[in-house]
Amino acid sequence: MIHVVEDDNSIRDLMVYTLKASGFEACGFENDEDFYLNLKKEIPELIILDVMLPGEDGLTILSKLRQNSETADIPVIMATAKGSEYDKVIALDSGADDYLVKPFGMMEMVSRIKAVLRRSGNSKKLTLRFENILLDEGKHTVTVDANPVSLTLKEYELLKLFMENPSHVFTRDNILSTVWGMDFIGETRTVDVHIGTLRTKLENAGELIQTVRGVGYKLEKSDEQ
């Protein structure tokens, strides 16, 4: 479970939505009171903490977390609109594990969370779900409507990339460098071929992988659904 403490409703909702779409359990809180109340019921794996909050600010909350033996080891990522080196140093010296400078991208947020969890030893294999597609990293399996789908390694990694970043548009070059590696020597047509076979194997769920003409591909719910 990841707790998001952010007073801006639209930002908080987007962060929680992205985390859930990326395979995490997440819930959001707009102030310190709501956060502390829930903390008594559940200790999260990680906290994303905004610096500027009504009531107690993020740095004060961070200080209290680090002084409490039950919460001292929870990884904390600070989110702030302040981008100066001094503010970053203050956050890290106060016990933060990492920081995000607003405005930040949702992909960057997920990547930083995974990196912090790996460093803290709390990383675990994720179960990614999008509509009727389920990808289990621990078992390295994919199912559609609970029916197993047999994929090659590259098809699996391609689907995993999309499911970790729903609605994000990837160019063919992005996909080649991420899935095949920077040293891959080949044509972008390779991506089109793999997208085609992946769509076929996913059957009815294949239409969720949408073509963005002139750009690339994205995973998104069809407007017709």
Side-chain angles (χ1 to χ4, degrees), residues 1-124 126 128-130 163-170 174 218-220:
M1 173 64 74
I2 295 177
H3 287 181
V4 177
V5 189
E6 164 64 59
D7 63 320
D8 187 302
N9 293 336
S10 59
I11 294 176
R12 185 178 66 253
D13 289 347
L14 178 59
M15 292 169 70
V16 170
Y17 171 82
T18 301
L19 289 170
K20 289 182 177 179
S22 299
F24 294 99
E25 292 184 44
C27 57
F29 309 96
E30 64 177 338
N31 55 52
D32 59 299
E33 292 183 1
D34 293 342
F35 169 67
Y36 285 136
L37 192 61
N38 195 78
L39 197 60
K40 294 178 181 179
K41 305 175 185 177
E42 179 180 36
I43 299 296
E45 295 175 77
L46 182 143
I47 299 167
I48 303 179
L49 187 56
D50 189 24
V51 171
M52 303 300 292
L53 292 168
E56 288 186 352
D57 62 67
L59 290 176
T60 300
I61 295 174
L62 176 62
S63 177
K64 289 186 176 181
L65 291 172
R66 293 297 180 245
Q67 292 172 22
N68 186 326
S69 60
E70 293 185 0
T71 59
D73 295 328
I74 301 175
V76 176
I77 298 177
M78 302 300 294
T80 174
K82 299 178 180 179
S84 72
E85 182 179 2
Y86 175 78
D87 292 316
K88 296 173 186 177
V89 169
I90 289 296
L92 295 173
D93 284 350
S94 298
D97 295 89
D98 203 350
Y99 57 84
L100 286 163
V101 178
K102 294 180 180 180
F104 52 83
M106 293 298 102
M107 286 179 62
E108 178 188 3
M109 176 188 72
V110 172
S111 294
R112 286 183 177 270
I113 287 172
K114 291 180 178 179
V116 169
L117 289 175
R118 283 195 298 269
R119 294 199 300 268
S120 67
N122 290 340
S123 180
K124 62 182 180 180
L126 302 176
L128 304 176
R129 184 186 297 275
F130 189 86
M163 293 186 71
E164 287 181 330
N165 305 280
S167 300
H168 180 81
V169 179
F170 289 95
N174 289 155
K218 65 177 178 177
L219 182 70
E220 191 160 70

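Here CE of Met107 is found 4.0 Å from NE2 of His168. Values are rounded to the nearest 0.5 Å. Annotation: the span from Leu219 atom CG to Phe130 atom CZ amounts to 4.5 Å, rounded to 0.5 Å. To the nearest 0.5 angstrom, Asn165 atom CG is 9.5 Å from Thr18 atom OG1. Put simply, CD1 on Ile48 and CZ on Phe104 are 6.5 Å apart, with the number rounded to the nearest 0.5 Å.
The minimum heavy-atom distance linking Glu45 with Pro75 is given by the pair O-CD, 3.0 Å. In terms of heavy-atom proximity, Leu39 sits nearest to Pro44 at CD1-CD, 3.5 Å.
Within the structure, the salt bridge (charged side-chain N to carboxylate O under 4.0 Å, His left out) test picks out the following pairs touching residues 49-70 (sequence neighbours left out): Asp50-Lys102, Glu56-Lys64, Arg66-Asp97. Applying the salt bridge (charged side-chain N to carboxylate O under 4.0 Å, His left out) definition to pairs two or more places apart or across chains, none involves residues 10-23.
Pro54 is linked by a side-chain contact (heavy atoms from CB on, under 4.5 Å) to Asp7, Asn31, counting only residues two or more places apart in sequence or in another chain. The salt bridge (charged side-chain N to carboxylate O under 4.0 Å, His left out) search around Glu30 returns none, not counting sequence neighbours. Shown here are the salt bridge (charged side-chain N to carboxylate O under 4.0 Å, His left out) partners of Glu108, two or more places apart in sequence or in another chain: Arg112. With sequence neighbours excluded, no residue forms a side-chain contact (heavy atoms from CB on, under 4.5 Å) with Ser111.
The backbone N or O of Ile90 sits less than 3.5 Å from a side-chain atom of Ser94, completing a donor-acceptor pair.
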Can you list the steps and then say if Asp98 with Arg119 is a side-chain contact (heavy atoms from CB on, under 4.5 Å)? CA-CA 11 Å; Asp98 203 350; Arg119 294 199 300 268; 4.2 Å; yes
Stepwise side-chain contact (heavy atoms from CB on, under 4.5 Å) test for Thr71 and Ile47: CA-CA 10 Å; Thr71 59; Ile47 299 167; over 6 Å; no
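Side-chain N/O atoms of Glu164 and Ser22 include no donor and acceptor closer than 3.5 Å.
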